[in-house]
Amino acid sequence: MQIRQPVHSEHARTLDTTGLRKHFLVEDLFQPNQATLTYSQIDRIIVGGIHPVDQAVRFAPELGKHTGTDFFLQRRELGLINIGGAAVVEADGKRYEVGPREALYIGQGAKELSFTSVDAGHPAKLYFNCAPAHTHYPNKKITLSEASPETLGDPKTSNRRTIHKFIVPDVLPTCQLLMGMTQLEPGSLWNTMPCHQHDRRMEVYFYFDMPADGVVFHMMGEPAETRHLVVRNEQAVISPSWSIHSGVGTQAYTFIWGMVGENQVFKDMDHVPMTALR
């Protein structure tokens, strides 16, 4: 498990490209027959990828040593979205079939977790966010049709996109975790522009559906001190609450967003006027 410490906004202004990538970019999320985990001390979120190919990947109780608990989800909840082939997830003996573009919420207290692919020739890729939790809510699978959709933007501004809200209060109860998937329409390149901050929550963006030579220029930093990261396929960016989070790609792409913090009000955003960006 990688550990990422918080970075103050004034410190972030001094970082070069290598420093920004070291603190905020999460690379190599999917390793065959493994789970990768990155622990950010910003709101204690854990970001990772699970990639079972020809054998099961398990979250053994010993994983709790990283969180100082008896087992990993003793005081945590977990949400995952499958961007690969069909998967089977077992949580304390209960089986869930999670297909492509489907999500699964696993509530606080689940002890034995295993993840397998239905077809090793088209293995699952399970991207997950995990957050501290104070109580148990029931596990739930969410299909794409059950996610709460919202279409925003305009082709004229190259930001026409549909937001699929998988793990939000309108769909199921959670302690604090929010997750969803935003898909850009062909010809649209911008996400979340005009941009915003939310001082009450942090957020992680995970970009995928990109060719090998495609990139997203992810905008971050304070509105008057913007920086950018070059992000490639299946990489994630940790966004502190003081930072904007927006991006523009070399072609259309998809990204998964996850938030944890003080509330679960999706529209609780501090919008930044375009004229304020520098």
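Just so you know, these numbers use all the heavy atoms, side chains as well, and skip hydrogens, waters and symmetry mates.
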Quiz item: What class does the angle between the rings of Tyr207 and His218 fall in, given that below 30° is parallel, 30 to 60° is tilted and above 60° is perpendicular?
Solution: perpendicular

Quiz prompt | N/O donor-acceptor pair under 3.5 Å between Asn82 side chain and Gly85 backbone | solution = yes

Quiz prompt | Residues which pass side-chain hydrogen bond (donor to acceptor under 3.5 Å, both in side chains) with Thr38, listed by chain and number, not counting sequence neighbours | solution = none

Quiz item: Do we see a donor-acceptor contact under 3.5 Å between the side chains of Thr162 and Thr151?
Solution: yes

Self-check item: Modelled atom types, side-chain donor and acceptor of Gln264 and Thr174, under 3.5 Å
Solution: yes

Quiz prompt | Co-members of the apolar cluster containing Val215 [side chain, <4.5 Å] | solution = Leu189, Trp190, Met193, Phe217, Met219, Val230, Ile244, Val248, Val272, Met274, Leu277

Self-check item: Linked, directly or transitively: Ile256 and Leu78 (ILVMFWY side chains, under 4.5 Å)
Solution: no

Quiz item: Regarding His23 and His11, is there a side-chain donor-to-acceptor distance under 3.5 Å anywhere?
Solution: no

Self-check item: Side-chain touch Leu229/Phe24, heavy atoms, less than 4.5 angstrom
Solution: yes

Self-check item: For Glu97, salt bridge (charged side-chain N to carboxylate O under 4.0 Å, His left out) partners two or more places apart
Solution: Arg95

Quiz item: For Arg101, which residues count as a salt bridge (charged side-chain N to carboxylate O under 4.0 Å, His left out) partner, sequence neighbours excluded?
Solution: Asp209

Self-check item: Under 4.5 Å side-chain linkage, directly or through intermediates, the cluster mates of Val88
Solution: Val118

Quiz item: Going by atom types alone, do Asp54 and Asn33 pair a side-chain donor with an acceptor below 3.5 Å?
Solution: yes

Quiz prompt | Val89 side chain reached by Leu113 side chain, heavy atoms, under 4.5 Å | solution = no

Exercise. Could you name each residue pair satisfying side chain to side chain donor-acceptor pair (under 3.5 Å) that touches residues 104-120, not counting sequence neighbours?
Key: Glu77-Tyr105

Quiz prompt | Aromatic contact, His198 with His245 (centres under 6.0 Å) | solution = yes

Practice problem: Tell me, yes or no, whether the heavy-atom count around Arg75 atom CZ, taken from other residues, nucleotides or ligands under 6.0 Å, exceeds 12. | Solution: no

Exercise. Identify whether Leu144 and Tyr253 are in the same connected component of the hydrophobic contact network (ILVMFWY, side-chain heavy atoms under 4.5 Å).
Key: yes

Self-check item: Check: Phe59 ring centroid to Phe115 ring centroid under 6.0 Å
Solution: yes

Quiz item: Between Phe255 and Tyr205, what is the ring plane arrangement, given parallel below 30°, perpendicular above 60°, and tilted in between?
Solution: tilted

Quiz item: Between the side chains of Arg76 and Gln74, does any donor sit under 3.5 Å from an acceptor?
Solution: no

Practice problem: Please state whether the rings of Phe266 and Trp257 are parallel, tilted or perpendicular, taking 30° and 60° as the class boundaries. | Solution: tilted

